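These numbers were taken from a predicted model, which means no experiment stands behind them. First the proteins, then the strands, lettered A, B, ... as listed; each starts at 1.
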Protein chains: 2
Amino acid sequence: MMAKTKTDMREAVMTAAKATVQSRGYNALSFRELAKEVGIKSASVHYHFPTKGDLGAALARRYTEEGAAYLAELLATSNDASWCMDRYAAIFRAALANDNRMCLCGIMSAELDDLPAEVRTEVDRFAEMNVGWLTQILSRARPSTGEQDLQECAMAIFAAIEGAQLVARGCRDIGIYDRTIRAYRTTGLIP
Amino acid sequence: MMAKTKTDMREAVMTAAKATVQSRGYNALSFRELAKEVGIKSASVHYHFPTKGDLGAALARRYTEEGAAYLAELLATSNDASWCMDRYAAIFRAALANDNRMCLCGIMSAELDDLPAEVRTEVDRFAEMNVGWLTQILSRARPSTGEQDLQECAMAIFAAIEGAQLVARGCRDIGIYDRTIRAYRTTGLIP
DNA sequence: ACCTGAACACCGTTCAAGT
DNA sequence: ACCTGAACACCGTTCAAGT
């Protein structure tokens with residue numbers, strides 16, 4: 001038997017679309033451009049994703065799932081909150097290092113008012129997932145702190161890291177990201 | 001003599017465009033929509049702003065100028081770094097309170113790869129202006145700190161506040177902004 | 001099951017033409 | 001000086017038609 005070499009068009013579209021959104025945002029996503037990249041016609045893209053909103057929601061959903069899986073792995077690997085936070089910050093750094101890309105959900109948050117409802121829902125879930133994980137990490141580092149304070153601090157860390165990525169990207173200078181994360185650590189915002 | 005009642009179309013276009021960009025981003029800006037809003041044809045908008053890039057750059061330039069003027073006023077009004085930071089955070093809060101809008105340059109940073117060069121230049125200037133002001137404020141609060149550290153911390157504060165705005169906006173919950181800023185203060189990131 | 005061409009109302013931009 | 005209609009190549013979406 002031959003291996004399954006036939007390109008899965010649905011996958012090819014999602015891969016191309018993910019790169020475009022992380023670089024140029026949801027609004028810049030074009031079914032015609034996407035079609036050209038994967039070698040089909042734009043009408044065929046609609047066969048896999050009836051609307052642009054369906055594609056955007058599928059992208060965000062998978063992005064959250066893959067992120068959650070990786071974060072769960074981190075959590076299982078080490079009990080050291082500081083090491084986990086290091087790895088966490090490294091994820092957002094990797095996007096910048098990869099052609100100045102941005103967190104898929106961060107860039108989509110900026111475009112919020114142009115997002116179909118189903119895409120917004122997925123963006124929300126991504127934030128929830130991140131804050132949930134950060135709360136767990138914080139509860140290890142500061143076990144005596146109340147759940148409410150923990151969650152607020154987790155949200156603050158998530159926002160601060162998204163912001164560091166946004167600003168460093170705007171300045172096309174990954175050094176800004178590194179120095180900003182260092183400053184967050186120095187002040188004690190990040191364990 | 002009559003007062004000058006004739007609507008300045010250039011101004012009307014900029015006002016409408018500013019609101020659109022702060023809500024939906026640069027990509028969502030449409031010359032045809034803009035034209036309808038101010039009551040002329042889209043070809044006439046091109047008379048005032050030859051390209052979309054010209055309009056975007058004009059918007060960002062004015063945004064920076066107006067921001068700089070307001071921040072200079074704050075600096076002259078009080079010597080209290082903590083009070084100044086309070087007012088600073090209030091500026092970004094006001095955008096959220098005003099129909100969940102975002103910092104013009106923050107939203108444009110997210111769309112960076114789709115921005116014409118002249119718009120990028122203005123986005124850079126906005127960040128520089130903010131970091132410069134924050135550095136001055138910090139030098140008051142921590143006079144013994146070196147210039148380099150001061151600038152890094154100023155950049156971190158700018159990034160953290162932009163991030164708080166981005167995430168709160170994404171969640172359509174201004175309370176997230178307030179709690180996040182509070183957490184920044186508690187940890188000592190913000191004076 | 002998957003793809004296509006053609007049509008629709010949109011987009012930024014250009015340009016010759018109007019006042 | 002300021003505005004316009006018409007044209008161009010783009011866009012997402014729909015749909016009847018092909019295999």
Side-chain angles (χ1 to χ4, degrees), chain A residues 2 4-21 23-60 107-108 111-120 122, chain B residues 2 4-21 23-60 107-108 111-120 122:
Chain A
M2 294 291 292
K4 217 167 106 184
T5 52
K6 175 172 161 286
T7 315
D8 186 334
M9 276 302 166
R10 202 173 188 277
E11 284 307 308
V13 168
M14 285 191 78
T15 303
K18 186 187 172 196
T20 301
V21 174
S23 295
R24 300 167 46 207
Y26 175 82
N27 273 319
L29 205 54
S30 153
F31 272 46
R32 281 171 158 89
E33 246 179 64
L34 238 35
K36 235 172 259 173
E37 283 181 59
V38 303
I40 54 176
K41 299 293 163 182
S42 83
S44 309
V45 179
H46 283 280
Y47 171 76
H48 298 288
F49 303 96
T51 68
K52 197 171 156 175
D54 292 321
L55 174 53
L59 284 175
I107 203 167
M108 280 181 166
E111 296 174 295
L112 188 81
D113 284 17
D114 266 19
L115 258 35
E118 63 270 27
V119 183
R120 288 189 200 189
E122 297 304 329
Chain B
M2 295 291 292
K4 217 167 106 184
T5 52
K6 175 172 160 285
T7 314
D8 186 334
M9 276 303 167
R10 203 174 187 278
E11 284 307 309
V13 168
M14 284 189 78
T15 304
K18 187 188 171 195
T20 302
V21 174
S23 294
R24 301 166 48 206
Y26 174 82
N27 272 320
L29 205 52
S30 152
F31 272 46
R32 280 171 159 89
E33 246 180 63
L34 238 34
K36 236 172 257 171
E37 281 181 59
V38 303
I40 54 177
K41 299 294 163 183
S42 84
S44 310
V45 178
H46 284 279
Y47 172 76
H48 297 289
F49 303 96
T51 69
K52 197 170 157 176
D54 292 320
L55 174 54
L59 283 175
I107 203 167
M108 280 182 166
E111 296 175 296
L112 189 81
D113 285 15
D114 266 19
L115 258 33
E118 64 269 27
V119 183
R120 287 188 200 189
E122 297 303 329

| query | Does Asp114(A) have any salt bridge (Lys or Arg N to Asp or Glu O under 4.0 Å) partners at least two apart in sequence or in another chain, and if so, which? | reply |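 By the salt bridge (Lys or Arg N to Asp or Glu O under 4.0 Å) rule, Asp114(A) matches Arg24(B).
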
| message | Going by salt bridge (Lys or Arg N to Asp or Glu O under 4.0 Å), name the residues that satisfy it together with Glu11(B), two or more places apart in sequence or in a different chain. | response |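 Result, salt bridge (Lys or Arg N to Asp or Glu O under 4.0 Å) vs Glu11(B): Arg62(B).
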
| task | Just jot down the side-chain contact (heavy atoms from CB on, under 4.5 Å) partners of Thr15(A), sequence neighbours excluded, or say none. | result |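 Residues passing side-chain contact (heavy atoms from CB on, under 4.5 Å) with Thr15(A): none at all.
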
| query | Under a cut-off of 3.5 Å for both distances of each Watson-Crick or G-U pair, what dot-bracket string does DNA chain D give, using [ ] for crossing pairs and | for inter-strand pairs? | reply | ||.|||||...|||||.||

| request: Please check the phosphate of dC2(C) (OP1 and OP2 only) for any side-chain N or O of Tyr47(A) closer than 4.0 Å. | output: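 Yes, Tyr47(A) has a side-chain N/O under 4.0 Å of OP1/OP2 on dC2(C).
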
| query | Is Ser44(A) near enough to dC2(C) that one of its side-chain N or O atoms lies under 4.0 angstrom from OP1 or OP2? | reply |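 For dC2(C), neither OP1 nor OP2 has a side-chain N or O of Ser44(A) closer than 4.0 Å.
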
| message | Under the rule for ring pair (Phe, Tyr, Trp, His ring centres under 6.0 Å), what residues qualify as partners of Phe49(A), not counting sequence neighbours? | response |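 None.
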
| query | Partners of His48(A) by ring pair (Phe, Tyr, Trp, His ring centres under 6.0 Å), sequence neighbours excluded? | reply |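 Listed in chain order: nothing, the list is empty.
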
| task | Return each pair, listed once, that meets salt bridge (charged side-chain N to carboxylate O under 4.0 Å, His left out) where at least one residue sits in residues 35-49 of chain B; pairs must be two or more places apart or across chains. | result |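 The answer is none; no pair qualifies.
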
| Glu111(B) CD to Asp113(B) CG distance, which is reported to the nearest 0.5 Å |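 Rounded to the nearest 0.5 Å, the CD-CG separation comes to 10.5 Å.
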
| remark: A correct 5'-to-3' footprint of nucleotides 6-19 of chain C, with B, S and - meaning base, sugar-phosphate only and no protein heavy atom under 4.0 Å, is -B---BBBBB----

List the atom pairs, with distances to 0.1 Å, where a side-chain N or O of residues 50-57 of chain A and a protein N or O form a donor-acceptor pair under 3.5 Å, not counting sequence neighbours.
from: Thr51(A); atom 1: OG1; to: Gly53(A); atom 2: N; distance (Å): 3.3
from: Thr51(A); atom 1: OG1; to: Asp54(A); atom 2: N; distance (Å): 3.2
from: Thr51(A); atom 1: OG1; to: Asp54(A); atom 2: OD2; distance (Å): 3.1
from: Lys52(A); atom 1: NZ; to: Tyr26(A); atom 2: O; distance (Å): 3.2
from: Lys52(A); atom 1: NZ; to: Asn27(A); atom 2: O; distance (Å): 3.3
from: Lys52(A); atom 1: NZ; to: Leu29(A); atom 2: O; distance (Å): 2.9
from: Asp54(A); atom 1: OD2; to: Thr51(A); atom 2: N; distance (Å): 3.1

